[in-house]
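In what follows, a structure is listed as structure tokens, so that the remarks can point back to it.
Each chain gets a letter, A, B and so on, in the order its sequence line appears, and its residues count up from 1.
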There are 2 protein chains.
Amino acid sequence: MVPVPRQQGSRTERRREETRRRIVTAAGHLFSLQGIDSTTMEQIAAEADVAKGTLYSHFPAKEAIIESLVQQRFRDRHQLRLDRLHNLPDTRARLVLVLGELMEGVRSQPDLFEKYLASRIRTVVSLRPQESTGSGLRLLAAEIIRLGQRGGEVRTDLPDELLCDLFEFVFVEAAKPFYLAPGEFDAAASISRSADLFLRATRPDPAGSD
Amino acid sequence: MVPVPRQQGSRTERRREETRRRIVTAAGHLFSLQGIDSTTMEQIAAEADVAKGTLYSHFPAKEAIIESLVQQRFRDRHQLRLDRLHNLPDTRARLVLVLGELMEGVRSQPDLFEKYLASRIRTVVSLRPQESTGSGLRLLAAEIIRLGQRGGEVRTDLPDELLCDLFEFVFVEAAKPFYLAPGEFDAAASISRSADLFLRATRPDPAGSD
DNA sequence: ACCAAAAATATACGTAGTTCAATGATGTCC
DNA sequence: GGACATCATTGAACTACGTATATTTTTGGT
């Protein structure tokens, strides 16, 4: 019989997990310090104090590290956001809250946002059927939609996928003015318009209205 | 005073223009033959019979060649599409027509579509204020919107930019099912749903309706 | 204590996109 | 018509991603 070292929750596994986190953290540090593109894999390896090969034993490519970083940052605040969502009266308020918080993230790390969107596109186009569900963003969107549908504010005759995509779209739209003119960026107005657009597009048919 | 060789319409300029076209054509050829990613800049240079450096004197990066190719392909059919647009009765018909035609392009060259979207994101995010207006796609969208507004079907209290973006979005949505399940792809249904979404979101306020 | 398996290391290498100093052709001016 | 300035063009060098491999270290089970 082969020994078959069953490793779940074992030290090896914890060690590996810790290394992985150290890599992601190091990457995040360097990214915010010098930008993503000018941060090399060797630098990340040095900062995380591992060999280059180790990076590739954990992540197939640089892009994967970026995705992982985004996911991690999302997870950090996810529960908190969910809780706040449930304390709000209607979909519009929920949209405004979430869009506002997301905007903060966008402002602090624009290039991370860019890479996130780029990788989203790839998962859509390059025949990967929603492998990693993107990140917490879509979970958040799904929750807003679910609550909205329950309250009768959001139509239920469209695929959830589509509604999530629409949320993502209005999020990008809300962030756009920031990029084009960061100085005179009126976040509140931009967000409000995005929320409107979303509500308009997803409002139930007025056919059977009172 | 400095000599300042004014070169417009001169031989050098014609030569340069021709070289540029040869590059784009060569790229297009190789792309459709072996895919974009597996086509190297060296191959493009060889096919166009120029040195590698020449590529970069015409285009700042590989991405720029791709954009140029997309633009060129769009321009080829642009006038024809515009004409057809004007012969249709309402916005819905125009959307369905244009989305249908675009879908053909997507089907024939999926990776080109992917790269187009990726570069669109970069122009939004990377502080380039709509430098090249994307491609003919946005011109087409703008025309549909203009006609729709003239006919009172599309609201006029939103920036044209936003409406174009929304068109782009519903276009991507329409194309998505094709990527996820190319076999059972019902183009007509997908397009119809996208058109609906667009009309819903851009319909004028029912406040002052009759 | 010993052994097998897995993780991490160090290093060299292939590849492809991008840069740059030098070269050559073209148009202008005297 | 010749010299000079201005570009387009060249191709070699550079950078960074990703791969491969031989070696060492750590871990888990017997």
Of all the choices, [options], which nucleotide is nearest to the side chain of [X] once you look at every atom?
| X | options | value |
| --- | --- | --- |
| A/Tyr56 | C/dA8, D/dT9, D/dT19 | D/dT19 |
| B/Ala51 | D/dG11, D/dG18, C/dA8 | D/dG11 |
| A/Thr54 | D/dC17, C/dA8, C/dG27 | C/dA8 |
| A/Met41 | D/dC17, C/dT9, C/dA7 | D/dC17 |
| B/Thr40 | C/dG27, C/dA16, D/dG18 | C/dA16 |
| A/Val50 | C/dT9, C/dG27, C/dT18 | C/dT9 |

What is the distance, to the nearest angstrom, from the [atom1] atom on [X] to the [atom2] atom on [N]?
| X | N | atom1 | atom2 | result |
| --- | --- | --- | --- | --- |
| B/Lys52 | C/dT23 | NZ | C1' | 19 Å |
| A/Ile36 | D/dC17 | CD1 | P | 12 Å |
| B/Glu42 | C/dT19 | CD | C1' | 14 Å |
| A/Leu55 | D/dT19 | CG | P | 12 Å |
| B/Gln34 | C/dA16 | CD | P | 11 Å |
| B/Glu13 | D/dT6 | CD | P | 17 Å |
| A/Glu17 | C/dA7 | CD | P | 12 Å |
| B/Arg14 | D/dA8 | CZ | C1' | 15 Å |

Answer yes or no: is there a side-chain heavy-atom contact under 4.5 Å between [X] and [Y]?
| X | Y | value |
| --- | --- | --- |
| B/Ser190 | B/Glu173 | no |
| B/Gln34 | B/Gln43 | yes |
| B/Arg150 | B/Arg146 | yes |

Under 4.0 Å: is that the gap between some side-chain N or O of [X] and OP1 or OP2 of [N]?
| X | N | value |
| --- | --- | --- |
| B/Arg16 | D/dT9 | yes |
| A/His58 | C/dA7 | no |
| B/Thr12 | D/dC7 | no |
| B/Arg15 | D/dA8 | no |

Problem - Side chain A/Lys62 and base D/dG18 donor-acceptor under 3.5 Å - result: no
Problem - Nearest-nucleotide 5' precedence on DNA chain D, A/Ser38 against A/Pro60 - result: A/Ser38
Problem - Earlier contact from the 5' end, DNA chain D, for A/Thr39 and A/Gly53 - result: A/Thr39
Practice task
Before accepting this row, confirm whether a basic side-chain N of the pair B/Arg120/B/Asp165 lies closer than 4.0 Å to the acidic partner's carboxylate O.
Solution key: yes
Handout entry: Nearest-0.5 Å distance, NE2 of residue B/His58 to CZ of residue B/Arg22
Key = 8.5 Å
Practice task
Can you measure from CD1 (B/Ile144) to CG (B/Leu139) and round to the nearest 0.5 angstrom?
Solution key: 11.5 Å
Handout entry: Residues B/Ser68 and B/Arg20: side-chain donor-acceptor under 3.5 angstrom
Key = yes
Handout entry: Residue pairs, two or more places apart or on separate chains, that pass ring-ring contact (aromatic ring centres under 6.0 Å, His included) and touch residues 157-177 of chain A
Key = A/Phe113-A/Phe171, A/Phe169-B/Phe169
Practice task
Give A/Asp49 one of three labels, base, sugar-phosphate or nothing, depending on what nucleic acid heavy atoms sit under 4.0 Å from its own.
Solution key: sugar-phosphate
Exercise for the section: For the helix from C/dA1-D/dT30 to C/dC30-D/dG1, figure out the bend between the end axes, five pairs an end, and round to 10 degrees. Expected result: 10°
